[in-house]
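For reference, the structure is listed below as C-alpha cells.
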Amino acid sequence: MFPIDLLDATPEGASSAHHSPLLANLNDEQLAAVTLPAGHALILAGAGSGKTRVLTTRIAWLLQTGQATPGSILAVTFTNKAAKEMLARLSAMLPYNVRGMWIGTFHGLCNRLLRAHYQAAKLPQAFQILDTQDQLSAIKRLCKQFNVDDERFSPKQLMYFIAGCKEEGMRPGDVVVSDPDTRKKVEIYQLYEEQCQREGVVDFGELMLRSFELLRDDVHLRQHYQRRFQHMLVDEFQDTNKLQYQWLKQLAGDVVEGRFVSSSSVIAVGDDDQSIYAFRGARVGNMADFIREFDVRNQIKLEQNYRSHSNILDCANALISHNSNRLGKSLRTDQGPGEPVRIYEAPSDLAEASWMVDEIKQLVKSDGFKRQEIAVLYRSNAQSRVIESALFNASIPYRVYGGLRFFERAEIKHALAYLRLLENPHDDTSFMRVVNFPPRGIGARTVEVLQDTARSSGTSLNDAVTAVGGTAGTKLQGFVAKMDVLRERTQGKTLREIIETIEEESGLIEHYRSEKEGADRIENLQELVTAAESFVTQEGFGRDAVALPLDEHSGTSAITQSPVSQGLDPRAPLLNEPLKPAEGTLASLVNADTGETLSPLQAFLVHAALEAGDNQAQAGQDAVQLMTVHASKGLEFDAVFIGGVEEGLFPHENAMMDRGGLEEERRLAYVAITRARKRLYLSHSQTRMLHGQTRYNVKSRFFDELPEEALKWITPRQAGFGTFTPNSGAGGAYGAGAGGRFGSNSGWGGRAGSTSEIFASPPVPKQKAEPSHGIKAGLNVFHNKFGEGKVLAVEGAGDDARAQVSFGRHGTKWLALSIAKLTIVS
DNA sequence: ACATTGATGATTTTT
DNA sequence: TCATCAATGT
C-alpha cells in the first residue's frame, strides 16, 4: 500500500523540503508543527499564532514531499468559513487542484459520507437536511399530534434534549431513564426519530450520529476509510463534542483488545484557553483524552503571537493564568509594549456608549484608524442596542454581526420549501410551511383535519389530501395538483428556470408585491436565483457532471481514479479495491453504490441547509464592527472595545450556575482581549438598563486579575454631570448608519434626556432614597408612548412606586415609576 | 383572514 | 424593555 512506501521515504522528503519556499518565514515552533513526523500530534495554538497557516502549510508540505496524496487527506473544521479559508489558502499554495482532499465542516463531511452510502445508512437517496427552525417546527407538529403537554415539555426544551442526546451519541434506547419526565422526553425522542425517518429528513445532530454509526457498524466501510485517510487534521479541536471525537476515532482506528490502534496520523489543533462552547456540548476534555487514547508523543505549542502589542498580551496572559487545569501556554510577542490598555467607568450604559462613540471619533480622526478595524465587543446581544443608537446618532457607519442569515429569512425558507416539495412531496415540514402561504384559503382547521387523516392512514400529508372531503378537501387537492403540475413543468429545466418558475407560480412574488415591506423580500428572492446560479457555476454542475478531470500531478491512487460505476460491494476485499468516488465537492454528491448523482436542485438544497449564508449585515462600507465576544473568535482588529465588563454580565450571572462556568467566562474574556492588535479598551457601567429595569453593577472581578502596569484608568473625575454630553450629535443626518434601525425612532431624544437625571444624582446602590420622581396626584405628566396624562394616585415607594395616570385616548393605567418614564409637564 | 392583545422570557451559537 | 408568538376578537 502506498502509505507505507511513502512513509518510509519521509526522512529524505522532510530534509530536502527544508529549503522549500513553502517553509520560508516559519518560526521554529511553526516549522516543527508543519514537519511533524507521522503519528498523532497535538498542536496547542495560541491566539494569533498563525494556526491556519501551519495547518495549510502542513498539508501542502505533506503533498509536496510525496508523503501524502490528496486522497489521503482529511481536514475538518467547525465553520464553513474556516473550511473555505483553508481551501482558498491551499489552492493558492499548491500548483494543482485540491479536489481529492476531504476538507470541510464536520457536518459537511458527514453529509458526504451519508450521500455516498445512503443505502447502508438507511436513508433515501435525496434525504433533506433540517435546520434548527425546521427541526423545531417538526417537533411542534409532533407534539400537537400526540397531545404532548407543552406546559411541561416545551418544543424548545424537547429540541435541546434531542440535540443533546445526539451530541452525546445517544439513541432513545441509550438514555438512562431515572424519572418520569425523562421517560416522556425519551418517548418523544423516539417518535421524532420515526417521524424524521418516515419523512426522509435528518437534522444536524443526525448527520453526525448517523455517519458515526455507519462507520461503527460497517467494518468494511470503516476500514476502507481508515486506510484512505492517512492524514487527518482537526481544527479548533477544543470545540469538539463527544460524538465528534468518537467519529474521529472511528476514522482513525479500531480498538483491539482494549487498546486503540491506529495507523494514521491525526493532528489536532486547538487552544484550551479559547474553549468557549461548553454550553453547546464542546468538551475541552477531549484534548486530554486525545493525548491519552491516541498515545500522543508530539505536542507542540505555538506561543509566538503576531497580532498584539505586549501590554495587551500581558493582560491576556495574566487573566487566563487564574484558570486551573490548563494545558499551559503563554503568549509572547516581538512587538513592543504599545499603548496601555484603557479602562473606563461610566455612570450608565448610555454614557458608556456615548464615550465609545467619542473615542471612536478620535481614533478615526486623529489616530488614523480605519472604522473597519475598530470593533465593539459585548457579552450579550442586548448590549448592542444602546451602542447602535449612539453610533447612529453620531452618524458613524457600523455593522452588526449575527442577525438572520440569508437562508434563514422567511421568504427564502418559503421558496426553499416549495423547491423541497418538488423533490420530495412527503416532506411534511415543507408542506406545512407553504400549504397556506401565500394564503389560499386553507385554514388551521383544514390543516388539522388533514393531519389527523394522514396520521390515521399512516401517510404523508401530501398523500392524505384525497381522503379529505368537502371544500376543504378540494382546496387541498388543488394545492397538491398545483405542485404536481409544477413538478412536471420544471422537469429538465435549469436550476435558474426552476427557481424562477417556483417563485412566480407559487404566488410568493405576487404576495410580497402587495405587502408594504415586501420589496426587500422580493429582492431576496431574486438573490436566491443569483445564489443558485453561482452555485451551479462554482460547483461545476451542468457540465462534466460525472467524469472528474483529475490532475495528473495529484498522484492519486487507483482509489481516487476509479470509475464511479465500479462501486462498493460490501463483501469484496477492500484492499486495493476501487470504491470511492467521493472526490471534491462534485463527486461527493455521487453515490458510491449506484453512481447516481444528485440533481443540481437537490445539491443546491443541501448547500442551502448546510450553509446558512452570510451572517453579517451589508458589507462594503467602512464600518465599525459590532458583535458578541463569541462571534469575534478568530477575528482581529486594530482597536477593540469591550463593553459591560461587570459582575453579572461578564462574567455572566447565569454562567456562574454551572460547574466551570466562571472559567469559561474567563476564557471568553481572554478571547475578547486577544482580538486587539494595537488598542484595547475595557469599560463598565454603574447602571445598566436590562429587561426594563435599571441594574446596578459593580465592575468585573476580571479587572483585579489584570496587571496594573499594563493598564490606564481613563475615567474623568465625576463632578456632577462629568464629561457626559447626552445625545451628542442628535438630530444629525439619518441614513448614515448601516443598520437604519433607528431611522424612525423619534422617541430617542426624549429618552436620552430623561436619563440625564441619573447623572444629576449618581446612583447609590441598594439605598432607597425618598421619592426622587416627584410624581404627585394631580400633576400633569408626559409619557413617551401614551403622551400627556393626569396623575390620579401614587402608591408604594422606591422601586415599587406606582402611579395611576389617566391618558385621554389611551385610558387609565397603573405605571411602575421605576420603569415608566414620566416627565412632569408644568 | 387579519389585526390586536396579552403572556412570556431574555447569555453565548454553528451546523 | 421589547420582541416574539399564540390566542383572541372583528
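On a predicted model such as this, the values are computed, not experimentally measured, just so you know. By convention in this document, chain letters (A, B, ...) are assigned in the order of the sequence lines, proteins followed by strands, and residues within each chain are numbered from 1.
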With a non-hydrogen cut-off below 4.0 angstrom, is [X] in contact with a base, only sugar-phosphate, or nothing?
{"X": "A:N80", "value": "sugar-phosphate"}
{"X": "A:Q135", "value": "nothing"}
{"X": "A:A655", "value": "base"}
{"X": "A:F78", "value": "sugar-phosphate"}
{"X": "A:G441", "value": "sugar-phosphate"}

Nearest-Å distance, [atom1] ([X]) to [atom2] ([N])?
{"X": "A:L109", "N": "B:dT14", "atom1": "CG", "atom2": "C1'", "answer": "15 Å"}
{"X": "A:R688", "N": "B:dT11", "atom1": "CZ", "atom2": "C1'", "answer": "14 Å"}
{"X": "A:E236", "N": "B:dT15", "atom1": "CD", "atom2": "P", "answer": "12 Å"}
{"X": "A:L114", "N": "B:dT15", "atom1": "CG", "atom2": "C1'", "answer": "14 Å"}
{"X": "A:Q238", "N": "B:dT14", "atom1": "CD", "atom2": "P", "answer": "15 Å"}
{"X": "A:D239", "N": "B:dT12", "atom1": "CG", "atom2": "C1'", "answer": "12 Å"}
{"X": "A:Q383", "N": "B:dT11", "atom1": "CD", "atom2": "P", "answer": "12 Å"}
{"X": "A:D349", "N": "C:dT1", "atom1": "CG", "atom2": "C1'", "answer": "12 Å"}

Is a donor from one side chain sitting under 3.5 angstrom from an acceptor on the other, for [X] and [Y]?
{"X": "A:D203", "Y": "A:Q135", "value": "yes"}
{"X": "A:E352", "Y": "A:S683", "value": "yes"}
{"X": "A:N436", "Y": "A:R440", "value": "no"}
{"X": "A:S685", "Y": "A:D349", "value": "no"}
{"X": "A:E236", "Y": "A:Q238", "value": "yes"}
{"X": "A:T429", "Y": "A:R141", "value": "yes"}

The reported gap from CG in A:L626 to CZ in A:R385 (rounded to nearest 0.5 angstrom) is 12.5 Å
A:Y277 over B:dT12, stacked by centroid distance under 5.5 Å, angle under 30°: no
Measure the distance between the ring centre of A:H652 and the centre of the six-membered base ring of B:dT11, then answer whether it is under 5.5 Å with planes under 30°. yes
For a quick test of reading the model: is some side-chain N or O of [X] closer than 4.0 Å to OP1 or OP2 of [N]?
{"X": "A:N381", "N": "B:dT12", "value": "yes"}
{"X": "A:R385", "N": "C:dA3", "value": "yes"}
{"X": "A:R280", "N": "B:dT15", "value": "no"}

Face-on cation placement of A:R280 at A:Y277 ring, 6.0 Å and 45° thresholds: yes
Pair [X] + [Y]: ring centers closer than 6.0 Å:
{"X": "A:F78", "Y": "A:F106", "value": "yes"}
{"X": "A:H511", "Y": "A:F437", "value": "yes"}
{"X": "A:Y512", "Y": "A:H414", "value": "no"}

Taking for A:A612 and for A:I276 the nucleotide of DNA chain B with the nearest heavy atom, the one nearer the 5' end belongs to A:I276
Assign each of A:D658 and A:F106 to its nearest nucleotide of DNA chain B by heavy atoms, then name whichever residue's nucleotide is nearer the 5' end. A:D658
Please produce a list of atom pairs where a protein N or O lies less than 3.5 Å from an N or O of nucleotides 6-10 of chain B.
unit_1	atom_1	unit_2	atom_2	d
B:dA10	N3	A:H691	ND1	3.2

Please classify C:dT4 as syn or anti, treating any glycosidic angle within 90° of 0 as syn. anti
Base-paired stretches in DNA chain B with three or more consecutive Watson-Crick or G-U pairs, both distances under 3.5 Å, amount to B:1-10 with C:1-10
Consider the side chain of [X], meaning its heavy atoms from C-beta on, and name the nucleotide among [options] that approaches it most closely.
{"X": "A:E665", "options": "B:dT11, B:dT15, B:dA1", "answer": "B:dT11"}
{"X": "A:P439", "options": "B:dC2, B:dT13, C:dT1", "answer": "B:dC2"}
{"X": "A:H630", "options": "B:dT13, B:dT15, B:dT11", "answer": "B:dT13"}
{"X": "A:K140", "options": "C:dA6, C:dA3, B:dA1", "answer": "C:dA6"}

Base B:dT15 paired with A:T132 side chain (donor-acceptor, <3.5 Å): yes
Distance, P atom - from C:dT4 to B:dT13, rounded to whole angstrom: 16 Å
